[in-house]
Each structure stands twice: as C-alpha cells, then as structure tokens.
Asker: 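Structure incoming, see below.
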There are 2 protein chains.
Amino acid sequence: MKKTKDENKEKQILDAAKSIFQSKGMDGARMQEIADKAGINKAMLHYYYRSKQLLFEAVFKNAFSLLAPQLNAVLNDDASIESKVRNFTSNYISFIAEHPYLPNFIIQELNRNPEFIIKLKDNPNFLNLDKFKVQVEQEVEKGIIKPISAEQLFINIMALNIFPFVAKPLLMAFTNTDNSAYKQLIEDRKTEVADFIINSIKHT
Amino acid sequence: MKKTKDENKEKQILDAAKSIFQSKGMDGARMQEIADKAGINKAMLHYYYRSKQLLFEAVFKNAFSLLAPQLNAVLNDDASIESKVRNFTSNYISFIAEHPYLPNFIIQELNRNPEFIIKLKDNPNFLNLDKFKVQVEQEVEKGIIKPISAEQLFINIMALNIFPFVAKPLLMAFTNTDNSAYKQLIEDRKTEVADFIINSIKHT
DNA sequence: ACATGGTTTAACCAAATGGTTAACAAATTT
DNA sequence: AAATTTGTTAACCATTTGGTTAAACCATGT
C-alpha cells in the first residue's frame, strides 16, 4: 500500500511547495526544504514537476485561481455598488485572514516577473472590469453615487482591503500594535472600510 | 588619481547595491551583479561592506530613511487634517514616482524578516502616531470630521497612496491599462485620493 | 628613493543548489 | 509469473555563490 499511483502525492508536494514558496518567494525557496516538508526525496519533486520553475508556476497559478473568484464577486454581480462594497470587504478580509501569505506572494512574484501576468490574462475568465464600469457610470448618472471613475474606485477598494495584509509588519510598527491588537484592527475593518468607501461616494 | 581614498567609491557601491537589491530583493540579488554594476571587482564589495548581509542592511536603512520623513509630514505638522491629507497625497505620489521600487522593497523585505523592524523602532525619530492621534480626536470632537480612529485613518491614507505602486502589475492587468495609461491613473490620484478621503471623513 | 598603509585585483575555495542517474521496488500488463 | 511500466531512493554532478587570500598597486610621508 505504499507505492500506489498516488493522486495524493502530487497534492502533497503542491501543498508543501505552496507553503515554502509563499513564505520565502521563488528565490528564497529551496527544493530540499520543499522535499523535506513534503516528506519525500528531492528527486521526487523533479519526477512530478520537472523543475523548480514549473513547480513554482503550478503553485502560483493555484494561488491566483483562489484569489480571482473573490474579486469577480465585486464585479459581476447585480447588487448595488453599496451592497457589493459591503459584501466584498467583509468577505475578502475573512478570506485573506485564512490565506495570509496569498496577496503578498502574488504581488511580489508579479513584480519580480511582470511578463507572468500575460499568461494569466489569456485565461477567458480573467477579471474584467467592463460590467463594473457600466454599473458605476449608471449609478453616477442616477445620482446614487458621486462622480468617480470605475478604475479609481476599484483601485481604492483593492487598496483598502489588501494593503493592511501586505504591509502588516510596517503598519504594526507604525501603529505600535502587537499581533493580537493588529488582528483586532483588521477585524474592525470588515465594516470600517465599507463605511469609509460608502461615505465617500454616496450622494447626500 | 585612481587610487585615492575615495569617499565616492562607497557611495558608488551603495548606489549599485540599491539598484540591484531594490529590483531583485535580498535573495534574488547577486554580489557579482552588484560589483558589475558598480564597475568594480567583487572583492571590493567585501572590502567596503564585509558581507552581503551588511551591504543589504546599509541599503535598507538608507531606503527607509528616505521614506520616513515623508510620513512624518502627515503626522507632525500643525495644519488641519484635511490640508495634511491633501498635501501628503500629492507629495507622496510625486515622491514615489521617482523611487518606484522603494515601497515594494521595504514591504517585501520586512515580510521576509519581520524582526528587522525592531532595530528600526529603536531609532528615536521613528514614526510616532501620538500627535496625529490627538489631532484626529480633537477634530472629531469639534465636529470637523466624522468619528474615525486615528489608526484606521492612517492605514487608509497609507493604503490608498502606496498600494497602487506596490501592486502595479496586478492593477495594470485588472484595469487593462498599459504603462502610460497607468501612469496617468496614478497622476490623477494626486487629487483623486485626497478628495476620496476628505469626502469620506469631513462632516457635512 | 623607499618604506608604509590603504586600495585593488585575479585566482581560489568550500558550501550550497538545482538537477540527473542508475539501480531498486512495487504495481500493472501480458 | 514474466515482462513492463511506474514510483522511489541514494549517490552523484556541474554550476553558482558568498567569501577569502596573497600578491600587486599606488599615493604619501620620511
């Protein structure tokens, strides 16, 4: 029962790789460390995934495909902007709290290798702002929200939600909080951020 | 005239190191590459800065000491919150546009090595939120701005200003912009972000 | 001129690293 | 059950990498 064609082993390797790559990045990760974490021989890594690069890409795509659906929720949904902002903010913060390395990993590796995103954009269900854009324009026209471009609003939503995770060590130092106090700050943001955005854009 | 005690050489090395470290990070940087960029022998790096680690720390501290004064401007200044937000946003975006790798470098390396910030916090003129906190509380009490904690406001300001640089490749892909269009988006944010924040917090 | 002391270089080194190989073990096919 | 394919391992390999060394270089003080 040891040497069965193990659907699991592939996953097992991927999990170990994910953990190492996401905390140390492509350059900082060591194949030996991944092998150790997966509890297998280093040669096995190359047997299942031919090279470090390919293993990395598998991890990266996997990570990205976790993030994408979360973002699509803000965009391709028929609720009002306000309701979408509230839902997204709360959901997203919960989501990241369970995958703390995710945003930083993706951002970091995309900066290291910006051409990488080209491959991702080919994916047919890659994030698309078109619908969101129309909706923002409509609500602006109807006077529900103040004039703002969809792109800027989208960037603001992303920034307010993601940045506190990406810059955690820096912000912990600046706000002089320890881990648990910072966690509370983040928890508060589930409603705080939505209010901040709505306050800013809602017509009075 | 070649072999004089060259105050300059040290700087020359630091500049090369800065450029390599900031674009590739500690793990991705190679001593040889830094030497090449500085136009010197690899052994010289070790002559001036004993090790990669020390050279890196010199670069990091240097980078951080560029950033800090910018942030202090938001905090330890007597202008109103509104005026500070407007000034900071415009200034900071200009500043980063000239040091595009800076925020990402600092954030990335602090995530790689969170203990690193402890050394920085020892510095007596390390960023301190106390004054800002008092000011926010006062303006809230006077009814100038809506109730918000200084920490959350500070995080929001940081997020809205810094994130677009840190996540540039990701946001370029999502907003489907090329380099020059993205540059324009950023340029617009010099006033856009300030308005967004002020709209949100100013009492009507 | 030459001794001195900081500066610079080419050659070298040991450790680490991604990757390969060849042999072995366990399933699967025939 | 023999043959073949698939999974697994230890040992090995070439290259890269941070770092060292010993000798050369050169400006300056004596």
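Order of the sequence lines fixes the chain letters, A, B, ..., with proteins taken first and strands second; residue numbering starts at 1 for each chain. A quick note: this is a predicted structure, and the numbers were derived from the prediction, not measured.
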Asker: Between Asn72(A) and Asn76(A), is any side-chain donor less than 3.5 angstrom from a side-chain acceptor?
Answerer: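 Their side chains do contain a donor-acceptor pair, which is all the 3.5 Å distance test asks for.
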Asker: Are any of the side-chain heavy atoms of Lys37(B) and Gln12(B) separated by less than 4.5 Å?
Answerer: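 When only atoms from C-beta onward are counted, Gln12(B) and Lys37(B) do not touch, as no gap falls below 4.5 Å.
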Asker: Take atom OH of Tyr47(B) and atom P of dG5(C), then tell me their distance rounded to the nearest Å.
Answerer: 13 Å
Asker: For residues 156-163 of chain A, please give each side-chain donor-acceptor pair under 3.5 Å, one per line with the distance, not counting sequence neighbours.
Answerer:
from      : atom 1 : to        : atom 2 : distance (Å)
Asn156(A) : OD1    : Arg189(B) : NH1    : 2.9
Asn156(A) : OD1    : Arg189(B) : NH2    : 2.8
Asn156(A) : ND2    : Gln152(A) : O      : 3.4
Asn161(A) : ND2    : Ile157(A) : O      : 2.9

Asker: CZ of Arg50(B) versus P of dG19(D): gap in Å, rounded?
Answerer: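 The answer, rounded to whole Å, is 10 Å.
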Asker: Tell me which residues in residues 35-42 of chain A lie within less than 4.0 Å of DNA chain C, going by non-hydrogen atoms.
Answerer: Lys42(A)
Asker: What is the distance, rounded to the nearest whole Å, between atom CD of Glu10(A) and atom C1' of dT8(D)?
Answerer: 15 Å
Asker: Does the side chain of Asp36(B) pick up a donor-acceptor pair with the side chain of Gln32(B) at under 3.5 Å?
Answerer: yes
Asker: Quick one: Leu45(A) CG to dT17(C) P, roughly how many Å, whole number?
Answerer: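 Rounding to the nearest Å, CG of Leu45(A) and P of dT17(C) are 14 Å apart.
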Asker: Report the distance from atom CE of Met44(B) to atom P of dC26(D), rounded to the nearest whole Å.
Answerer: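 From Met44(B) CE to dC26(D) P: 13 Å.
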Asker: Among dT21(C), dG19(D), dT9(C), which nucleotide has an atom closest to any side-chain atom of Ala43(B)?
Answerer: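 Closest nucleotide to the Ala43(B) side chain: dT9(C).
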Asker: Is there a side-chain polar atom (N or O) of Tyr48(A) under 4.0 Å from OP1 or OP2 of dT8(D)?
Answerer: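 For Tyr48(A), the contact criterion (side-chain N or O under 4.0 Å from OP1 or OP2 of dT8(D)) is met.
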Asker: If the condition is ring-ring contact (aromatic ring centres under 6.0 Å, His included), which residues does Tyr92(A) pass it with, not counting sequence neighbours?
Answerer: Phe88(A)
Asker: Whole Å only: how far is the OH atom of Tyr49(A) from the P atom of dG19(C)?
Answerer: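 For the pair Tyr49(A) OH and dG19(C) P, the rounded distance is 15 Å.
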Asker: Whole-Å distance between dG18(D) P and Ile20(B) CD1?
Answerer: 12 Å
Asker: What donor-acceptor contacts under 3.5 angstrom involve side-chain atoms of residues 169-179 of chain B, with partners at least two apart or in another chain?
Answerer:
from      : atom 1 : to        : atom 2 : distance (Å)
Thr175(B) : OG1    : Leu171(B) : O      : 2.7
Thr175(B) : OG1    : Thr177(B) : OG1    : 3.0
Asn176(B) : OD1    : Lys121(A) : NZ     : 2.9
Asp178(B) : OD1    : Ser180(B) : N      : 3.3
Asp178(B) : OD1    : Ala181(B) : N      : 2.8
Asn179(B) : OD1    : Lys168(B) : NZ     : 3.0

Asker: Whole Å only: how far is the NZ atom of Lys9(A) from the P atom of dT6(D)?
Answerer: 17 Å
Asker: Tell me which nucleotide among dT9(C), dG19(C), dG19(D) gets nearest to the side chain of His46(B).
Answerer: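 Closest of the options to the side chain of His46(B): dG19(D).
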Asker: Write out a two-atom table: protein N or O, nucleotide N or O from nucleotides 13-17 of chain D, distance below 3.5 Å.
Answerer:
from    : atom 1 : to       : atom 2 : distance (Å)
dT17(D) : OP1    : Arg30(B) : NE     : 2.7

Asker: List the residues meeting side-chain hydrogen bond (donor to acceptor under 3.5 Å, both in side chains) with Asn128(A), not counting sequence neighbours, and say none if there are none.
Answerer: none
Asker: Does some side-chain heavy atom of Ile117(B) sit less than 4.5 Å from a side-chain heavy atom of Leu120(B)?
Answerer: yes
Asker: According to the interplanar angle, ranging from 0 to 90°, do the rings of Phe60(A) and Phe105(A) count as parallel (below 30°), tilted (30 to 60°) or perpendicular (above 60°)?
Answerer: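 Rings of Phe60(A) and Phe105(A): tilted, 30 to 60°.
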